[in-house]
Amino acid sequence: MLIGFSNLRQTTARLPFMLKIATWNVNSLNVRLPQVLDWLRTQQPDILALQETKLSDPDFPTLDIAEVGYQAVFSGQKTYNGVAILSRLPAHDLITDLPALDDPQRRVLAATIGGVRVLNLYVPNGQAVGSDKYRYKLGWLSQLNAWLATELKQHNTLVVLGDFNIAPEDRDVHDPSAWAGQVLCSEPERAAFQRLLDQGLKDTFRLFPQEERSFSWWDYRAAAFRRNLGLRIDHILASPALAAICHGCRIDPAPRRLERPSDHAPVVAEFNFDLG
DNA sequence: ATGGTTGGAGGCCAA
């Protein structure tokens, strides 16, 4: 017993520890709270970024989330948008707005958790190419790109994750010809996504072999999930230092199969920190 | 065949 404990102490110092970071657009945390609590209990992520909470801050279910062992920070909005970060460790140095964008829409929440800088995003949907909302989306992404540059200067270990509302490549689309040039897939949106990667971020999902036709969002209509007619629009991007220790990234389709699901599935990335 | 479904407001809009 004593020997075993001694060995454990010796080896623990050299064992890597895994940091599990996830993102999930829940499409109303009110409706999805039981599913989120179950998912936290079974998957045990260290950090879970939520989008589309659709809750004002006083209504945030802080106590329910604390009961399963997580702290919560949030930037909420009634009815629309709303982002939150749930974590084992406390979150500090919060930012809730893109600099130089005076925007009442709650789509951004940055925090530092256990030394990792986390940028949680709910990128505007854009509605349709050429619409006012599409122009807002592209302007928003431009401001995001500028902000990311300043964040990367300050933080070596950084993740940008959330609902990007962009399918980066045709392989992220169930029917590329049908979606060609459409919102979520248009060239200006993909170029904006590429500009984030051009700053050194890696799409952690594509660091690993993945099944073909892997998607993170399926329309509620036309039995799209059953037919796997989806898009991969939820992403976990990692700075070079974090990408180098990324150990895996996967989409968890299980919650999408539940009754009253979100239209998005969670995405999970794991990082190995060697404390030796 | 330009459909269909969900959430939340509030008697349509956003996704």
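So you know, we letter chains A, B, ... as the sequences are listed, proteins then strands, and number each from 1. Quick caveat: nothing in here was measured; it's all calculated off a predicted structure. What you see below is based on every heavy atom in this structure, not just the backbone, and it leaves out hydrogens, waters and symmetry mates.
Straight-line distance from the CD atom of A/Q127 to the P atom of B/dA14: 7 Å, rounded to whole Å. Distance OH (A/Y122) to P (B/dA14): 12 Å, rounded to an integer number of Å. Atom pair A/I233:CD1 and B/dA15:P shows a separation of 12 Å (rounding to whole Å applied). The distance from atom CD of A/Q105 to atom P of B/dC13 is 16 Å, rounded to the nearest whole Å. Distance A/D219 CG to B/dT2 P: 17 Å, rounded to the nearest Å. Rounded to whole Å, the distance from NZ on A/K133 to C1' on B/dA14 is 6 Å. In this structure, A/Y80 places its OH atom 19 Å from P of B/dT6, rounding to the nearest Å. Going from atom CD of A/E259 over to atom P of B/dG7 covers 12 Å, rounded to whole Å.
For A/F208 and A/H247, the ring centers are positioned 6.0 Å apart or more.
If you take atom C1' in B/dA9 and the same atom in B/dA14, they sit 11 Å apart, rounded to whole Å. Nucleotides B/dC12 and B/dT2 have their P atoms positioned 24 Å apart, rounded to a whole Å. Nucleotides B/dG7 and B/dG3 are separated by 22 Å at their P atoms, to the nearest Å.
In this structure, of B/dA14, B/dT6, B/dA15, it is B/dT6 that holds the atom nearest to the side chain of A/Y220. Relative to the side chain of A/R107, the nucleotides B/dA9, B/dA15, B/dG7 differ in distance, and B/dA15 lies closest. Listed nucleotides B/dA15, B/dG7, B/dA9 differ in distance to A/T79; the shortest reach to its side chain belongs to B/dA9. Here the side chain of A/R260 is nearest to one of B/dA14, B/dG4, B/dG7, namely B/dG7.
Nearest approach of A/A91 to A/A111, heavy atoms of both residues: CB-CB, 3.8 Å. Closest approach of A/R117 and A/D93 over heavy atoms only: NH1-O, 2.7 Å.
In this structure, A/R221 and A/W217 both approach DNA chain B, and ranking their closest nucleotides by distance from the 5' end singles out A/R221. Ranked by how close their nearest DNA chain B nucleotide is to the 5' end, A/N25 and A/V31 are led by A/V31.
Taking the centre and axis of the six-membered ring of A/F205, the NZ or CZ atom of A/R250 falls outside the cone set by 45° and 6.0 Å.
Taking a cutoff of 4.0 Å between a charged side-chain nitrogen and a carboxylate oxygen, A/R257 and A/D252 do not qualify as a salt bridge.
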